Number of protein chains: 2
Amino acid sequence: MKFLEEIHQESLSLDHKNLEPDDENAKRSSCPVEAALKVIGGRWKVLILRELFGGIKRFGQLHRALHGITQKMLTQQLRELERDGLVDRHVYMQVPPKVEYSLTPLGKTLEPVLNSLHDWSTKYLTRS
Amino acid sequence: MKFLEEIHQESLSLDHKNLEPDDENAKRSSCPVEAALKVIGGRWKVLILRELFGGIKRFGQLHRALHGITQKMLTQQLRELERDGLVDRHVYMQVPPKVEYSLTPLGKTLEPVLNSLHDWSTKYLTRS
DNA sequence: CAGTATCCTCATGGATACTG
DNA sequence: CAGTATCCATGAGGATACTG
């Protein structure tokens, strides 16, 4: 279980020794899981990704599919997903404008992760 | 891929019809993945869980292990984890107080999920 | 159509002090 | 030791209006 590997360099040393002064809790996520959650966290990311797993979508399609999201949030979240390399943005130079969003290869690698979350949730979080 | 199953009942109907008035985007997460992220989301949850995967821990141990967390946040996050059934809280009736936290069986079922997030992050999110 | 540009609210998260 | 109790900053998220 790789999730636990890092425990034993951080917390083991803290269990018998007392607090250490090498504490520079600056920017680096002490844990890869944290980093992953930053990328797919937030209120809309996974919902957007879910839509895109269904194929290429235009901005308006996403806007309608995600009931309640505002244009600002949709744009913003899409930009973040784009910046993180999960989503590809294709602008057609025409008028009226047409912009299509799709998953990048990297974005598609998220599938097992999202399935894992999905499975756990449906299996164990069945208290609505 | 179970993650995609629900797409085809929500977005398919929205793709050819136009917006529907049955839009009651109230409380229910439209997606189990969302629900899962609510439980393990936030800044500290996974870090706390990571510590507890290492075994039973006292409040003070957690407080020291999670550099930078405040007592308030630690208490709050632990209560939420407890309310969600992931963490068990055992109070020893003695003075000075002693409280131990541990993973419940449900909490332990999160291991594959966290491993999945961890694996993805280390494999594909290697841009520090 | 697919955005910007403002302005605004409020929950998340935090600092500090006190206590059974 | 393991908390409460306050007060406070910040920013994520949203409403609304305007535009290339």
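Only this structure's heavy atoms are used, side chains among them; waters, hydrogens and symmetry mates stay out. Residue numbers begin at 1 in each chain, while the letters A, B, ... track the order of the sequences. What you see is a predicted model; the values in this text were computed from it and never measured.
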(message) Tell me which one of A/Leu103, A/Val46, A/Leu66 satisfies side-chain contact (heavy atoms from CB on, under 4.5 Å) with A/Glu51.
(response) A/Leu66
(message) Side chain of B/Arg43 only, heavy atoms from C-beta on: which candidate in C/dG13, D/dG14, C/dA2 is closest?
(response) C/dG13
(message) Checking the side chain of A/Thr109 only, and the main-chain atoms of A/Leu106 only, is there a donor and an acceptor separated by less than 3.5 Å?
(response) yes
(request) Could you tell me whether a side-chain N or O of B/Thr104 sits under 3.5 Å from a main-chain N or O of B/Gly85, the two making a donor and an acceptor? (result) yes
(request) May I ask you to verify if any side-chain N or O of A/Arg79 is less than 4.0 angstrom from the OP1 or OP2 atom of C/dA2? (result) no
(request) Quick one: do A/Val113 and B/Asp119 satisfy side chain to side chain contact (heavy atoms under 4.5 Å, CB included)? Show the steps, please. (result) CA-CA 9 Å; A/Val113 178; B/Asp119 287 355; over 6 Å; no
(request) Would you mind telling me which of A/Val99, A/Leu78, A/Leu81 makes a side-chain contact (heavy atoms from CB on, under 4.5 Å) with A/Arg89? (result) A/Val99
(message) Taking side-chain contact (heavy atoms from CB on, under 4.5 Å) as the criterion, tell me which of B/Gln61, B/Arg58, B/Lys57 meets it with B/Glu100.
(response) B/Arg58
(message) Please determine whether a side-chain nitrogen or oxygen atom of B/Gln71 lies at a distance below 4.0 Å from atom OP1 or OP2 of C/dT16.
(response) no
(request) Using whole Å, report how far CE of A/Met73 lies from C1' of C/dT4. (result) 15 Å
(request) Ignoring backbone atoms, test whether A/Arg64 places a side-chain nitrogen or oxygen under 4.0 Å from the OP1 or OP2 oxygen of C/dA2. (result) no
(message) Looking at C/dC1, I'd like to know if its phosphate oxygens (OP1 or OP2) sit under 4.0 Å from a side-chain N or O belonging to A/Arg58.
(response) no
(request) Round to the nearest Å and state the distance from A/Leu66 atom CG to D/dG14 atom C1'. (result) 15 Å
(request) Provide, to the nearest angstrom, the distance between the CD atom belonging to A/Gln76 and the P atom belonging to D/dG13. (result) 7 Å
(message) Please report the distance, rounded to the nearest Å, between CD in B/Gln77 and C1' in D/dA2.
(response) 17 Å
(request) Output yes when at least one side-chain N/O atom of B/Tyr101 is less than 4.0 Å from OP1 or OP2 of D/dC1, else no. (result) no
(message) Does C/dG3 have OP1 or OP2 under 4.0 Å away from a side-chain N or O of A/Arg89?
(response) yes
(message) Dot-bracket for DNA chain C, please. Rules: Watson-Crick or G-U, both distances under 3.5 Å, ( ) within the strand, [ ] when a pair crosses earlier ones, | for another strand, . otherwise.
(response) ||||||||||||||||||||
(message) How close do A/Ile40 and A/Lys45 get, counting heavy atoms only, and between which atoms?
(response) O-CB, 3.5 Å
(message) How many whole angstroms separate atom CG of A/Leu74 from atom C1' of C/dT4?
(response) 14 Å
(request) Using whole Å, report how far CE of A/Met93 lies from P of C/dC1. (result) 19 Å
(message) For A/Pro97 and A/Lys72, find the nucleotide of DNA chain C closest to each by heavy atoms; which residue's nucleotide sits nearer the 5' end?
(response) A/Pro97
(message) Given C/dG13, D/dA15, D/dT4, identify the nucleotide with an atom nearest to the side chain of B/Thr75.
(response) D/dT4
(request) Would you kindly give the CD-to-C1' distance between B/Glu100 and D/dG3, to the nearest whole Å? (result) 16 Å
(request) Calculate the interatomic distance between B/Leu78 atom CG and D/dC1 atom P; express it in whole Å. (result) 17 Å
